[in-house]
Undergrad: 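My questions all concern the structure below.
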Amino acid sequence: MTGAPAIFSAIARGDSEVFEISSESLRHVLNQCPGLSDIILQAFVARRQLLRESPNFIGLRVIGSRYSPDTFRVRDFLSRNRVLFTWTDLETDPQVDLLLKSFGVTEADTPVVACAHMLLLRNPSNKMLADEVGIHRTLEQTVFDLLVVGAGPAGLAAAVYGASEGLRTAVLDANAPGGQAGASMRIENYLGFPTGLTGAELTDRATLQANKFGAHLSIPTAATRLTFENGYATLDAGGSEPITAKCLLIATGAQYRRLDVAGVERFEGTGLYYAATPAEALLCRGYPAIVVGGGNSAGQAAVYLAGHASRVLLLIRGDDLNKNMSSYLVNRIEQTANIELLCSTTIRQMAGNSHLQQVEIQNAANGQQQTVETPAVFSFIGATPRTDWLPGDVERDAKGFVRTGAALAQSPHWGATRAPFLLETSRRGVFAAGDVRSGSVKRVASAVGEGAMAVQFVHEYLKEM
Ligand SMILES: Cc1cc2nc3c(=O)[nH]c(=O)nc-3n(C[C@H](O)[C@H](O)[C@H](O)COP(=O)(O)OP(=O)(O)OC[C@H]3O[C@@H](n4cnc5c(N)ncnc54)[C@H](O)[C@@H]3O)c2cc1C
C-alpha cells in the first residue's frame with residue numbers, strides 16, 4: 001500500500017494460500033469496494049499500532065551512542081518516516097558488546113543499522129538509509145497536474161484532495177511526511193479529535209489516505225530549484241530527474257531558528273533538539289530538561305517532557321505565558337507540578353564535552369544567573385519559512401514568507417487580466433499553503449484547510465490553461 005517493503009516476516013502455520021496483489025490492484029479495490037476498503041484500512045492501522053506497542057517487536061535495529069549526532073539523526077529519520085525500529089544504546093545496554101560482535105562490527109562503526117541477523121549499513125546517510133529500507137520512491141517521468149512540495153499537513157491535505165479529485169498528483173518531502181505536526185505528541189485542537197491525537201497518528205492516516213487515492217509520494221526528495229518553461233513548472237530535486245507539472249503547490253512550512261548562543265551548533269543532536277518526541281524524551285529521562293519558547297509547540301513539549309524528565313524549566317523571553325500560548329496549554333502547565341516557568345529568562349551559555357552537560361541561564365529583569373545540569377535543551381523559537389529553493393519572481397514578504405492573493409495587489413507580476421486566486425503566488429499556477437504562506441495562521445487545521453482549498457484553485461487554473 002505504501003510502496004515500502006515489509007521489514008518483518010510471517011510464518012504460515014499449516015496449509016495456507018497466499019495471494020500476491022499488486023499495489024495498483026489493491027488501490028483499485030480500495031477505491032471501488034468501500035466495505036472491503038474499510039476492513040483493509042482498519043486492519044492496516046491496527047496492525048501498525050499493535051507492532052508499535054508490542055514489547056517483543058524489534059523491527060530494524062539501530063546500535064549507537066546517545067551522545068552521537070549521527071545516531072540521533074538515524075533514529076530521528078527512521079521514526080519520522082514511521083519505520084519501526086529498536087535502538088540499542090552503546091552507553092547503557094549491557095548486551096551491546098555481544099551484539100556488535102555478532103554483526104562483526106566495533107564501536108567505531110556505529111551507528112549501525114541491522115535487520116534480523118543481517119548488518120545493513122554503517123553510519124548511513126539519510127538517502128542511503130531511505131534506499132536500503134525502501135522508504136525512497138522515485139517519481140515516474142510524466143507531467144503531473146499538481147506537484148506538491150512539502151508533505152506536512154498542508155501538503156498531505158492537497159495530496160488527498162488532488163488525487164481523490166482525479167488530478168495526477170505528486171508530493172515530495174525533503175525529510176519525512178508529517179512536517180512539524182509529525183513531531184507533536186498531542187494535538188488537542190484539531191477538529192473531530194476531542195481527546196487529541198499524536199502527530200504520528202495523523203501522519204500515518206493522512207499518508208495512507210493519500211496513497212489510497214493514488215497520490216505519488218517521493219521521500220526523501222528535496223526541492224532545490226524551480227524554473228518555468230512554456231508555462232510548466234520544472235523542479236530540480238536533489239540529483240534525480242527534474243519533475244514537470246502544470247501547477248505547483250509550495251507547502252514547505254517553517255522551521256525553528258537556532259538559539260542565539262555562541263557555539264550551539266555543536267550540541268545539535270547531542271543535547272539541543274527541535275522536537276520533543278519519544279526519541280528525545282528517552283535522552284533526558286530522570287534528568288532536568290530545558291524548553292525555550294512561549295508558543296504552543298513549546299508548551300506542548302514542556303507538558304510531554306514533564307512525564308519523562310525529573311523537572312522541566314520553561315524559559316520565555318517575555319513576562320506573560322498567555323501572550324502567545326493557547327489557554328488550555330497554559331492551564332495544563334500551571335497544573336503540572338514539575339514544570340517551572342521562568343519569565344524574562346534566556347540561555348547565556350551551553351557547555352559540555354562530547355554532549356551537553358551544563359546550561360547557564362539569566363533573568364534579564366534582575367540579572368540573576370544560574371547553572372542547570374542538564375542533558376537536553378528543547379528550542380521552539382521564531383519559525384523561519386523554508387523558501388530558499390524558490391526563484392526571485394515568487395514574491396515573499398520581509399521575513400521570507402510567500403505572498404499570495406490579495407497581498408499581491410501591487411505586484412508587478414499580475415497584469416489586468418485577472419486577480420490572483422486567494423492562495424496563488426506572484427506566478428500563475430503556483431500556489432502556497434500552510435505555514436510557508438505570508439499571514440497564515442500557524443495551526444494544523446488551517447494548514448489542512450489551505451491545502452484542501454488550494455486544490456480548488458488548481459482546478460480553476462487548469463480550466464484556464
Ligand atoms: C512540536 C509542535 C507541536 C505543534 N502542535 C500543534 C498543535 O497542537 N495544534 C496546532 O494547530 N498546531 C500545532 N503546531 C503547528 C503545526 O504543526 C504547523 O502549523 C503545521 O505543521 C504547518 O503545516 P505545513 O504543512 O504548512 O508545514 P510543515 O508542517 O512545516 O511541513 C512542511 C514540510 O515541507 C518539507 N520541506 C521543507 N523544505 C523542503 C524542500 N526544499 N523540499 C521538499 N520538502 C521540503 C519539510 O520537511 C516538512 O515536512 C505544532 C508545531 C510543532 C513544531
Side-chain angles (χ1 to χ4, degrees), residues 76-77 80-81 126 147-159 170-191 193 196-200 202-203 206-207 217-226 235-238 240 243 248-257 273-277 280 291 293 295-305 324-326 328-329 332 378-390 400-402 423 431-438 440-452 454:
D76 185 56
F77 182 73
R80 282 184 186 243
N81 278 288
N126 288 358
L147 173 58
V148 181
V149 187
L156 286 173
V171 192
L172 51 94
D173 197 288
N175 187 33
Q180 298 169 69
S184 169
M185 287 317 291
R186 200 168 153 119
I187 300 168
E188 287 188 76
N189 56 356
Y190 191 58
L191 188 74
F193 294 87
L197 83 172
T198 64
L202 186 70
T203 305
T207 311
L217 271 75
S218 181
I219 294 168
T221 305
T224 49
R225 200 168 77 103
L226 176 63
L235 193 76
D236 288 342
S240 52
I243 309 159
L248 184 127
L249 178 68
I250 304 164
T252 42
Q255 68 185 0
Y256 287 106
R257 255 198 348 250
Y273 307 103
Y274 298 93
T277 68
E280 291 85 8
V291 174
N296 276 3
S297 39
Q300 231 181 54
V303 172
Y304 173 67
L305 291 168
N324 294 312
M325 199 178 286
S326 299
Y328 80 91
L329 269 172
R332 194 137 318 151
F378 296 85
S379 173
F380 296 95
I381 57 159
T384 50
R386 301 180 72 175
T387 49
D388 51 342
W389 57 282
L390 289 173
F401 291 91
V402 179
L423 300 177
F431 302 84
D435 281 16
V436 77
R437 204 176 62 76
S438 178
S440 71
V441 182
K442 308 283 184 281
R443 293 280 185 270
V444 176
S446 49
V448 168
E450 288 187 11

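Numbering of residues begins at 1 and proceeds along the displayed sequence. All figures in this text were calculated on a predicted structure; none of them were measured in a lab. Ligands are counted one by one from 1 in listed order, and the atoms in each one are counted from 1 as well.
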Undergrad: In chain order, what residues pass the salt bridge (Lys or Arg N to Asp or Glu O under 4.0 Å) check against Arg386, with sequence neighbours excluded?
TA: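 Not a single residue meets the salt bridge (Lys or Arg N to Asp or Glu O under 4.0 Å) criterion with Arg386.
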Undergrad: Check each atom of ligand 1 against the heavy atoms of Gly179 and keep those under 4.0 Å away; list them by number with element.
TA: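 Contacts of ligand 1 toward Gly179, numbered from 1: 29 (O), 31 (O), 48 (C), 49 (O).
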Undergrad: Show me which atoms of ligand 1 lie under 4.0 Å from any heavy atom of Ala251.
TA: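 Near Ala251, meaning under 4.0 Å from one of its heavy atoms, ligand 1 has 32 (C), 33 (C), 34 (O).
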Undergrad: For atom 29 (O) of ligand 1, what is the nearest protein heavy atom, given as residue, atom name and distance?
TA: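 I find the closest protein heavy atom is Gln180 N, 2.8 Å.
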Undergrad: Quick test: of every protein heavy atom, which one is nearest to atom 7 (C) of ligand 1, and how far off is it to 0.1 Å?
TA: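 Protein heavy atom at minimum distance: Gln300 NE2, 3.3 Å.
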Undergrad: Just to confirm my output: which protein heavy-atom neighbour is closest to atom 41 (N) of ligand 1, and how far is it?
TA: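 Closest protein heavy atom to atom 41 (N) of ligand 1: Ala223 O, 3.2 Å.
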Undergrad: Which residue and atom name correspond to the protein heavy atom nearest atom 45 (C) of ligand 1, and how close is it?
TA: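 The closest heavy atom on the protein side is Thr252 CG2, 3.6 Å.
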Undergrad: List the closest protein heavy-atom neighbour of atom 18 (C) of ligand 1: residue, atom name, distance to the nearest 0.1 Å.
TA: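 The answer is Asp435 OD2, 3.4 Å.
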Undergrad: Which ligand 1 atoms, with their elements, are less than 4.0 angstrom from a heavy-atom of Ala222?
TA: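 Answer for ligand 1: 42 (N), 43 (C).
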Undergrad: Short list, please: which atoms of ligand 1 are under 4.0 Å from a heavy atom of Gly434?
TA: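 Every atom of ligand 1 under 4.0 Å from some heavy atom of Gly434: 26 (O).
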Undergrad: Report the nearest protein non-hydrogen atom to atom 11 (O) of ligand 1: residue, atom name, distance rounded to 0.1 Å.
TA: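 For atom 11 (O) of ligand 1, the nearest protein heavy atom is Val444 N, 2.9 Å.
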Undergrad: Can you name the atoms of ligand 1, numbered from 1 with element, that are less than 4.0 Å from a heavy atom of Trp389?
TA: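 Listed by number with element: 41 (N).
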Undergrad: CZ/Phe378 to CD/Gln300 distance, rounded to the nearest 0.5 angstrom?
TA: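 The CD atom of Gln300 is 13.5 Å from CZ of Phe378, to the nearest 0.5 Å.
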Undergrad: Taking only heavy atoms of Thr221, which atoms of ligand 1 are found under 4.0 Å from at least one of them?
TA: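 That gives atoms 43 (C) of ligand 1.
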Undergrad: If you measure from each non-hydrogen atom of Ala154 to ligand 1, which part falls under 4.0 Å: side chain, backbone, both or neither?
TA: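 For Ala154, backbone and side-chain atoms both sit under 4.0 Å from ligand 1.
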Undergrad: Is there a heavy atom in Ala254 that sits closer than 4.0 Å to ligand 1?
TA: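 Checking ligand 1 against Ala254, which is what was asked, there is a heavy-atom contact under 4.0 Å.
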Undergrad: Within ligand 1, which atoms have a heavy atom of Tyr256 less than 4.0 Å away?
TA: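 Checking each atom against Tyr256, I get 53 (C).
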Undergrad: Can you tell me which residue and heavy atom of the protein come closest to atom 43 (C) of ligand 1, and the distance to 0.1 Å?
TA: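 The closest heavy atom on the protein side is Ala174 N, 3.2 Å.
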Undergrad: Can you report which non-hydrogen protein atom sits closest to atom 50 (C) of ligand 1, along with the distance?
TA: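 Checked against all protein heavy atoms, atom 50 (C) of ligand 1 sits closest to Ser297 CB, 4.3 Å.
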Undergrad: Taking 4.0 angstrom as the limit and counting only heavy atoms of Asn189, give me the atoms of ligand 1 inside it, by number and element.
TA: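 Atoms satisfying the 4.0 Å criterion: 7 (C), 8 (O), 9 (N), 10 (C), 11 (O).
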Undergrad: For Asn296 and Leu329, indicate whether the former's side chain and the latter's backbone hold a donor-acceptor pair under 3.5 Å.
TA: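 No.
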Undergrad: Write out all pairs satisfying salt bridge (charged side-chain N to carboxylate O under 4.0 Å, His left out) with one or both partners inside residues 176-186, taking only residues at least two apart or from two chains.
TA: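 Found Arg186-Glu188.
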